[in-house]
Amino acid sequence: MSDQLTLAAETRDRVGKGASRALRRDGRVPAVIYGLNQEPTSVHLEEKALMKALMTGHFMNSVVMVNGVRTLPKDVSFHPVSDRPIHVDFLRIGEHSTVTVAVPIVFADEDDAPGIKKGKGVLNITRHEIELVVDASDIPSEITISLAGLEIGDSIHISDVKLPKGATPAIDDRDFAIATIVPPTVPTVEDEELEAEVAEAQAAEAAAEDEPVVEPNDDDNDDDKITPQKKD
């Protein structure tokens, strides 16, 4: 079960871009709490405390108590350049609300997978997390999947995964794949020939760029002016 986190918040008196920028300059992060048929509440959090919670690695699938209100983080927006958090959405939930969360997958027993250990196969992961429908009081921090006994060509589907009691996949209309043991990638003769052709073409193009360009003079004599061609 994931740990419960706690964050202190203060109510926002003003909303809007200008007010949000002012908060961020003061080391605060604007946020909103909504859900349970109640009016949304605009708050702001200390950026350092929020970053500490984010660094746990399971912030998005943890119950977060914000000023005593039980919530589930639904979205965190980050600045495109600095990667600092700039806004958070929290969903109010009851103690035993049914929630949908994305739970990280951890693969174990790689040394016990013949396809990897002996066959030098590679674990091709198609899903790094599983969306589960669970009770808010029993959100798992991660799902561990054993690779023991798997050979090259074997796949792991959601039906192969033992989920925590009461948890069900959010996607229930198909038996989706999570990972496959694939053969090791070995360069073929065709691959090597193609790489050689590409290298030869690139060398020829570079040489052509360095060739001088002949430009005719404006006068009537037969001499031409030669100027080196500049690279772009």
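Note that these values count all heavy atoms, side chains included, but never hydrogens, waters or copies made by symmetry.
Contacts classified as salt bridge (charged side-chain N to carboxylate O under 4.0 Å, His left out) and involving residues 121-137 (residues at least two apart or in different chains) are not found. Here salt bridge (charged side-chain N to carboxylate O under 4.0 Å, His left out) pairs that include residues 41-58, with residues two or more places apart or in two chains, are Glu47-Arg84.
At least one side-chain heavy atom of Ile86 sits less than 4.5 Å from a side-chain heavy atom of Arg24. Using a 4.5 Å heavy-atom threshold, the side chains of Met65 and Gln4 count as touching. Here the side chains of Val106 and Glu142 are in contact, with some heavy-atom distance below 4.5 Å. Contact of the Pro114 side chain with the Ile116 side chain is not registered, since no non-hydrogen atoms from C-beta on lie closer than 4.5 Å. Counting heavy atoms from C-beta on, the side chains of Glu151 and Ile181 never come closer than 4.5 Å. Here the side chains of Pro169 and Val133 are not in contact, with every heavy-atom distance at 4.5 Å or above. Taking the side chain as every heavy atom from C-beta outward, His87 and Val32 approach each other to under 4.5 Å. Between Ile143 and Val161 there is a side-chain heavy-atom pair separated by less than 4.5 Å.
Cluster partners of Leu36: none. The rule joins Ile, Leu, Val, Met, Phe, Trp and Tyr whenever side-chain heavy atoms lie under 4.5 Å apart, and it links nothing here. Side-chain heavy-atom separations under 4.5 angstrom define the hydrophobic clusters, and the remaining members of the one that includes Val182 are Val122.
For the atom pair CD1 (Ile145) and CZ (Phe107), the distance works out to 4.5 Å, reported to the nearest 0.5 Å. To the nearest 0.5 Å, the span separating CD on Glu10 from NE2 on His44 amounts to 4.5 Å. Summarising the geometry, atom CG belonging to Asn67 is positioned 7.0 Å from atom OG1 belonging to Thr11; distances are rounded to the nearest 0.5 Å. Distance check: Arg70 CZ to Ser97 OG gives 8.5 Å after rounding to the nearest 0.5 Å.
Taking the side-chain hydrogen bond (donor to acceptor under 3.5 Å, both in side chains) definition, one finds that Ser159 meets it with Asp175, sequence neighbours left out. Residues meeting the side-chain hydrogen bond (donor to acceptor under 3.5 Å, both in side chains) test with Asp154, sequence neighbours left out: none.
The neighbour count for Asp173 CG, taken as heavy atoms of other residues, nucleotides or ligands under 6.0 Å away, is above 12.
Asp89 places no side-chain N or O within donor-acceptor distance of the main-chain N or O of Asp75, the cut-off being under 3.5 Å. Between the side chain of Asn61 and the backbone N or O of Ile139, no donor-acceptor pair lies under 3.5 Å. Counting only distance, with no hydrogens or angles, the side chain of Ser82 and the backbone of His79 share no donor-acceptor pair below 3.5 Å.
Across all non-hydrogen atoms, the minimal contact from Val69 to Arg92 is CG1-CG, 4.0 Å. Taking each heavy atom of Ser146 and Asp109 in turn, the nearest pair found is OG-OD2, 2.6 Å. Nearest heavy atoms, Leu91 versus Gly35: CD1-CA, 4.0 Å. Residues Ser62 and Leu72 share a closest heavy-atom pair of O-CD1, 3.4 Å. Scanning all heavy atoms of the two residues, the minimum distance from Phe90 to Ala31 falls at CE1-CB, 4.0 Å. The two residues Val103 and Pro140 make their nearest non-hydrogen contact at CG1-O, 3.6 Å.
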TODO: Could you check Thr41 against Tyr34 for side chain to side chain contact (heavy atoms under 4.5 Å, CB included), going step by step and ending with a plain yes or no?
DONE: CA-CA 6 Å; Thr41 301; Tyr34 64 94; over 6 Å; no
**OP:** Determine, step by step, whether His96 and Ser137 satisfy the side-chain hydrogen bond (donor to acceptor under 3.5 Å, both in side chains) criterion, reporting the C-alpha distance in whole Å, the side-chain angles of both residues, the deciding distance to 0.1 Å, and the verdict.
**Re:** CA-CA 6 Å; His96 292 287; Ser137 62; 3.3 Å; yes
In sequence, state the C-alpha distance, the side-chain angles, and the governing distance for Asn124 and Thr180, and then conclude on side-chain hydrogen bond (donor to acceptor under 3.5 Å, both in side chains).
CA-CA 5 Å; Asn124 181 38; Thr180 303; 5.4 Å; no
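Connection of Phe59 to Ile33 is established within a shared hydrophobic cluster, with ILVMFWY side chains joined at heavy-atom distances below 4.5 Å, either directly or through further cluster members. The same ILVMFWY cluster, assembled from side-chain heavy atoms under 4.5 Å apart, contains both Leu132 and Phe176. Following chains of ILVMFWY side-chain contacts shorter than 4.5 Å, one can reach Leu5 starting from Val43, so the two form part of one hydrophobic cluster. There is a path of hydrophobic side-chain contacts, each under 4.5 Å, that joins Val88 to Met60. Hydrophobic clustering of Ile, Leu, Val, Met, Phe, Trp and Tyr side chains at less than 4.5 Å, counting indirect connections, keeps Met51 apart from Leu23.
Just one of Leu7, Ile93, Val64 meets the side-chain contact (heavy atoms from CB on, under 4.5 Å) condition when paired with Thr71; it is Val64. Residue Val134 is tested with Thr98, Leu163, Val99 for a side-chain contact (heavy atoms from CB on, under 4.5 Å); the sole match is Val99.
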